[in-house]
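Residue numbers count from 1 along this sequence.
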Amino acid sequence: MRELKITPIVKGTVIDHIPAGMGLKVLKVLGLDVQEIKYTVSLGIHVRSNKLGWKDILKIEERELKKSEVDKIALIAPGATISIIEKGEVKEKIKASLPKRAKGIMKCPNPNCISNTGEPVEHDFILVSEKPVKYRCKYCERMLEDVLKNII
């Protein structure tokens, strides 16, 4: 069996240790529409890992993530490793962890919540539990258990 390798990048972001099968979801929440991408994106799905058994890995050339994007990744893949690459070297390494406060990255499922009624307020959630992942809306106090479904 021939093994294919994803080549290293010179500048950009590498998201490693994504749970197997979640790589496409990470791609989606980052808004990387394959029709409009202006840089190289490599996605390895179901890659062997000594640590996880199987994992996904995503490499994005010429793009550094914003804090809100790192928080979104943490919601999908807590424990993922995000490496910022410059000149072929790791400049910074971040371990994705669930944000204590998730502001502007998830939508409240309560249609009557003030954050959904056109008022100038940003969706705002407070972490209640890490296992299972649960957030509570700051405004209406609705518990949000299906995080993936409500990521903006």
Q) Thr81 and Lys93: side chain to side chain contact (heavy atoms under 4.5 Å, CB included), yes or no, with the steps? A) CA-CA 7 Å; Thr81 306; Lys93 196 173 238 184; 3.5 Å; yes
Determine whether [X] and [Y] make a side-chain contact, defined as any pair of heavy atoms from C-beta on separated by less than 4.5 Å.
X	Y	answer
Ile15	Ser83	no
Ile114	Glu119	yes
His46	Lys55	no
Asp16	Leu58	no
Ile76	Leu148	yes
Leu24	Ile45	yes
Leu65	Ile73	yes
Arg142	Pro109	yes

Please round to the nearest 0.5 Å and tell me the distance separating atom [atom1] of [X] and atom [atom2] of [Y].
X	Y	atom1	atom2	result
Asp146	Met106	CG	CE	11.0 Å
Glu92	Ile84	CD	CD1	6.0 Å
Ser129	Leu98	OG	CG	9.5 Å
Lys72	Lys66	NZ	NZ	8.5 Å
Ile9	Ser42	CD1	OG	8.0 Å
Lys103	Ile126	NZ	CD1	10.5 Å

Where is the tightest heavy-atom contact between [X] and [Y], given as atom of each residue plus distance?
X	Y	result
Asp56	Ala20	OD1-CA, 3.6 Å
Glu64	Thr13	CA-OG1, 3.5 Å
Ala96	Ile82	CB-CD1, 4.3 Å
Pro99	Leu75	CD-CD2, 4.2 Å
Cys140	Asn110	SG-ND2, 3.5 Å
Lys59	Pro8	NZ-CA, 3.9 Å

Would you say [Y] ends up clustered with [X] if hydrophobic residues are merged whenever their side chains have heavy atoms under 4.5 Å apart, either directly or through other cluster members?
X	Y	result
Val121	Ile105	no
Val90	Val14	yes
Leu144	Val128	no
Val10	Val41	no
Leu27	Ile152	no

Q: Step by step, work out the salt bridge (Lys or Arg N to Asp or Glu O under 4.0 Å) result for Lys100 and Glu130.
A: CA-CA 10 Å; Lys100 301 288 181 220; Glu130 289 187 14; 3.5 Å; yes
Q) What is the ring orientation for Phe125 with Tyr135, classed by angle as parallel under 30°, tilted 30 to 60°, or perpendicular over 60°? A)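 Rings of Phe125 and Tyr135: perpendicular, as their planes differ by over 60°.
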(Q) Between Asn116 (side chain only) and Cys108 (backbone N and O only), is there a donor and an acceptor less than 3.5 Å apart? (A)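 Yes; at least one donor-acceptor contact below 3.5 Å.
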Q) Got a salt bridge between Glu69 and Arg63, using NZ or NE/NH1/NH2 to carboxylate O under 4.0 Å? A)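 Answer for the salt bridge query: yes.
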Q | Glu145 and Arg136 ion-paired at < 4.0 Å | A |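 No, no charged N to carboxylate O under 4.0 Å.
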